[in-house]
Amino acid sequence: MRTSQYILATLKETPSDAEIISHQLMLRAGMIRKLASGLYTWLPSGLKVLRKVEQVVREEMNKAGAIELLMPVIQPADLWEESGRWEQFGPELLRINDRHNRPFALGPTHEEVITDLVRKEINSYKQLPINFYQIQTKVRDEVRPRFGVMRAREFTMKDAYSFHMTEECLDNTYQRMHKAYCNIFERLGLDYRPVIADTGSIGGSVSHEFHVLAESGEDAIAFSDASDYAANIEKAEAVTPSEVRPAPSKELNTFDTPEAKTIEELKTKHGVKAHRGVKTLIVYGASDENGERGLVALIVRGDHELNELKAEKLSLVDSPLEMAKEEDIVAAIGARPGSLGPVGLDMPIIVDRSVDVMADFVAGANKDGVHYSGINFDRDVTDYTVEDIRNVVEGDPSPCGNGTLHIKRGIEVGHIFQLGSKYSEAMNAGVLGENGKNQIMTMGCYGIGVSRIVAAAIEQNNDKFGIKWPKTLAPFELAIVPMNMHKSHRIPDIAERLYSEFQDAGVDVLFDDRKERPGVMFNDMELVGIPYTLVIGERNLDENKVELKNRITGEKLMLDIDSAVAEITKAIKA
RNA sequence: CGGCGAUUAGCGCAGUUUGGUAGCGCACUUGGUUUGGGUCCAAGGGGUCGCAGGUUCAAAUCCUGCAUCGCCGACCA
């Protein structure tokens, strides 16, 4: 490709609405352009990278025995009603009506469509297990799209769905997919981790996420330093410390705290250390038979955070979790948030495991501007239950029993689930078993955020000059940069000759034939992140040499013109 | 969904306080100059100042409403 016949579309200045480095570089390197919030056009260079990711994914899926197909983006509402997700999915499901006013959804995922296909096409246990996948555009009307293609409303996803007679068979395929995913992220040269995950709105039991480690990641991951335990923080169990609750040593006392509404203010204004106090969070309880929701108190240590996911899984708590409105709190308790506590509280009280082992602690007195000190369980608070409802923190013991937890940030690029029969049952997807009877199939599903991987790879591979693509992802394998080509005949002759020889050798080469100054070309090639740049200039031509620059190592090599094509091609294809 | 901020040429921004014919840099076009790391000089093209109302002799500027975009938050009691 010649730059003069291409659209490099590089930008000198960083567009002001790009926050993270991958978003800035994708815009500056001419990979994407925004159409509207969360909607992006892939420019030629960006598309080339996207296709390379797709190809790696496709090869590894095929190798793992999955079969490619392609399903529609537009899906009839009936299917979603059958699975129950038309109601359940919420506003993230973008709904449209056709000209006959029939309801449809733009597919955020394809469990319904594939289950419908399989129940019609697969009739016998002899055809199982089977695993279908597609690489396709997904639509999710995100609450807040951000970070460019990282969290977009329209994005490319690889989704696979497997069907089985037994749990064992599902587990088998699941492990195979787990391995295939590891292969994919390794081939893409990414620093990644598989972590134990929650199943979220997709449903099912066993689940792993694959995270690319990056500071800008939206998820927190907890790792053990002494085993391979790794979990999304929302799923990591906070293990009960071995310590036993000390005996009460203080009397229950009130003290005035008119200006202290937060743990931080209690600390600065009254010297209460965060881990000596507790936070009392009021949420709505599960609805009773009349559909009424009461209030429930959740209590975590002052220096801990409530884990919303753990909380909403408790039977007493409404799901999704919703914090009580201030007026409801005042009506029920007579005090406002900031002065709440468990003593004398007339509602179910759920305390975190780490609160259960506290003695003589501080909490609000359920009277505005007043706190208790010296609170002790079973003396001052008698009716409560103990649950794991907090996020793990750095230094917690690992739930696997080995080592200590550390927290890092990650970008979720893959997620695999053992779905069980959630969809197959709701949609009556069965086959005839060996015994001649109908049996509901068991399912697994496996997703990879293909477009997100492009951004995640940039987060991990950049410097102040731009993107440093790993060989497998670079939009071009080689750039030819002639110095002041229009000034001589030697330069263009050699550049043209090498360009065509590289093309014949099957190298994806970008020939920068613009009438630009050298600095402009160098900067563009570095910004775009092409792994090798071949510099052709008068300076070295008299010795019959050309210069090869490595974008990753910065290394410069002088090569004989006559052997350059063979040598470089060999290095690239290695 | 809540809070904050932004919206002026393709991009980055000034001008808005104090109303008076729309500016700068980059990019683009033309000519010249320069040539191994974002040359320099000159000339030029490009804007219903997000939209709709209002106030005024006069609105990018003041007022009202709306839209779009971004950030933060959506447990932190």
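Numbered from 1 within each chain, the chains take letters A, B, ... in sequence-line order. Heavy atoms only: backbone and side chains are in, while hydrogens, waters and symmetry mates are out. Quick caveat, the model's predicted, so the values are computed rather than measured.
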What nucleotide, of G36(B), G38(B), U39(B), holds the atom closest to the side chain of P518(A)?
G36(B)
What interatomic distance, in whole Å, is found between P of C41(B) and the corresponding atom of A27(B)?
12 Å
Mind checking salt bridge (Lys or Arg N to Asp or Glu O under 4.0 Å) for K310(A) and listing every partner two or more places apart, or none if nothing turns up?
D388(A)
Quick test of your reading: applying side chain to side chain donor-acceptor pair (under 3.5 Å), list the pairs with at least one residue in residues 356-365 of chain A, sequence neighbours left out, ordered by first then second residue.
R245(A)-D356(A), S249(A)-D360(A), D360(A)-N376(A)
So V143(A), base contact, sugar-phosphate only, or nothing? Heavy-atom distance under 4.0 Å.
base
So what does I329(A) touch, heavy atoms closer than 4.0 Å: a base, only the sugar-phosphate, or nothing?
base
Considering only heavy side-chain atoms of E19(A), the closest of C71(B), U34(B), C69(B) is C71(B)
Please determine, for G38(B), whether a Watson-Crick or G-U wobble partner exists with both distances under 3.5 Å, and give it or none.
none
Tell which nucleotide pairs with C76(B), taking only Watson-Crick or G-U wobble pairs whose two distances are both under 3.5 angstrom.
none
I'd like to know if E547(A) reaches the base of G36(B) with its side chain such that a donor and an acceptor end up less than 3.5 angstrom apart.
yes
Going by number, which of residues 481-492 of chain A have a non-hydrogen atom under 4.0 Å from RNA chain B?
M483(A), N484(A), H486(A), K487(A)
To the nearest 0.5 Å, atom CG of D513(A) lies from atom CE of M521(A) at 7.5 Å
Between P of A27(B) and CG of L8(A), the distance in whole Å:
15 Å
Can any side-chain N or O of R301(A) pair as donor or acceptor with the backbone N or O of D352(A) at less than 3.5 Å?
no
P-based separation of A43(B) from U7(B) [nearest Å]
31 Å
For D368(A), which contact category applies under a 4.0 Å heavy-atom criterion: base, sugar-phosphate, or nothing?
nothing
How does protein reach along nucleotides 2-12 of chain B, written 5' to 3' as B (base within reach of a heavy atom under 4.0 Å), S (only sugar-phosphate), or - (no contact)?
---------BS
Please measure how far the P atom in A14(B) lies from the corresponding atom in A6(B), and state the result in whole Å.
10 Å
Does the structure show a Watson-Crick or G-U wobble partner for U33(B), both distances under 3.5 Å? Name it, or say none.
none
What residues in residues 523-542 of chain A put a non-hydrogen atom under 4.0 Å from any atom of RNA chain B?
N523(A), D524(A), E526(A), V535(A), G537(A), R539(A), N540(A)
Please tell me if the side chains of S37(A) and R153(A) come closer than 4.5 Å, counting only heavy atoms from C-beta onward.
yes
Across all strands shown, which nucleotide pairs with C66(B) by Watson-Crick or G-U wobble geometry, both distances under 3.5 Å?
G50(B)
Partner set under side chain to side chain donor-acceptor pair (under 3.5 Å) for E459(A), not counting sequence neighbours
S22(A), S216(A)
Check whether the side chain of K279(A) and the base of C76(B) form a donor-acceptor pair under 3.5 Å.
yes
Pairwise C1' distance, G65(B) and C26(B) [rounded to whole Å]:
37 Å
Suppose we screen for salt bridge (Lys or Arg N to Asp or Glu O under 4.0 Å). Which residues come up paired with R146(A), at least two apart in sequence or across chains?
E218(A)
Can you name the residues that form a side chain to side chain donor-acceptor pair (under 3.5 Å) with D17(A), not counting sequence neighbours?
K34(A)
Donor-acceptor pair under 3.5 Å, E308(A) side chain vs C75(B) base:
no
Gap between atoms CD1 and C1', on I494(A) and G36(B) respectively (whole Å)
16 Å
Can you tell me how far C1' of U68(B) sits from CZ of R146(A), to the nearest Å?
19 Å
Considering only G70(B), C76(B), C71(B), which nucleotide approaches the side chain of E305(A) most closely?
C76(B)
Qualifying residues under side chain to side chain donor-acceptor pair (under 3.5 Å), relative to D396(A), sequence neighbours excluded:
R390(A)
As its Watson-Crick or G-U partner within any shown strand, both distances under 3.5 Å, U55(B) has none
Determine whether the aromatic ring centres of F476(A) and F502(A) lie less than 6.0 Å apart.
no
Contacts of R336(A) that satisfy salt bridge (Lys or Arg N to Asp or Glu O under 4.0 Å) - sequence neighbours left out
E326(A), D368(A)
Does U18(B) have a Watson-Crick or wobble partner in any strand here, with both distances under 3.5 angstrom, and which is it?
none
Is it the case that over 12 heavy atoms from other parts of the model lie below 6.0 angstrom from the CG atom of D560(A)?
yes
Given the P atoms of U8(B) and U48(B), what is the spacing between them in whole Å?
12 Å
Below 4.0 angstrom, N of the basic side chain to O of the carboxylate: do R151(A) and E142(A) qualify?
yes
dist F465(A):CZ -> M525(A):CE (nearest 0.5 Å) comes out at 15.5 Å
Between residues 334-341 of chain A and RNA chain B, which residues have a heavy-atom gap below 4.0 Å?
P337(A), G338(A)
Euclidean distance for P, U16(B) against A42(B) (whole angstrom):
28 Å
Could you give the distance separating C76(B) and G3(B) at their P atoms, to the nearest angstrom?
15 Å
Taking atom NZ of K313(A) as the centre, report whether more than 12 heavy atoms of other residues, nucleotides or ligands fall under 6.0 Å from it.
yes
Using whole Å, report how far CD of E234(A) lies from P of A74(B).
15 Å
Residues forming a side chain to side chain donor-acceptor pair (under 3.5 Å) with E322(A), sequence neighbours excluded:
R293(A)
If I take atom CZ in residue R514(A) and atom C1' in nucleotide A27(B), what distance separates them, rounded to the nearest angstrom?
13 Å
M521(A) vs L281(A), nearer the 5' end of RNA chain B by closest nucleotide:
M521(A)
Nearest-angstrom distance from the residue atom CZ of R517(A) to P of G36(B)
7 Å
Nucleotide A77(B), atom P - distance to CD1 of I282(A) in whole Å
14 Å
When rounded to the nearest Å, what value does the distance between C1' atoms of U17(B) and U61(B) take?
10 Å
Interatomic distance where CG belongs to L27(A) and C1' belongs to G70(B) [whole Å]
13 Å
What is the pairing partner of G23(B), taking Watson-Crick or G-U wobble pairs with both distances under 3.5 Å in any strand?
C13(B)
For E251(A), does the CD atom have more than 12 heavy-atom neighbours from other residues, nucleotides or ligands under 6.0 Å away?
no
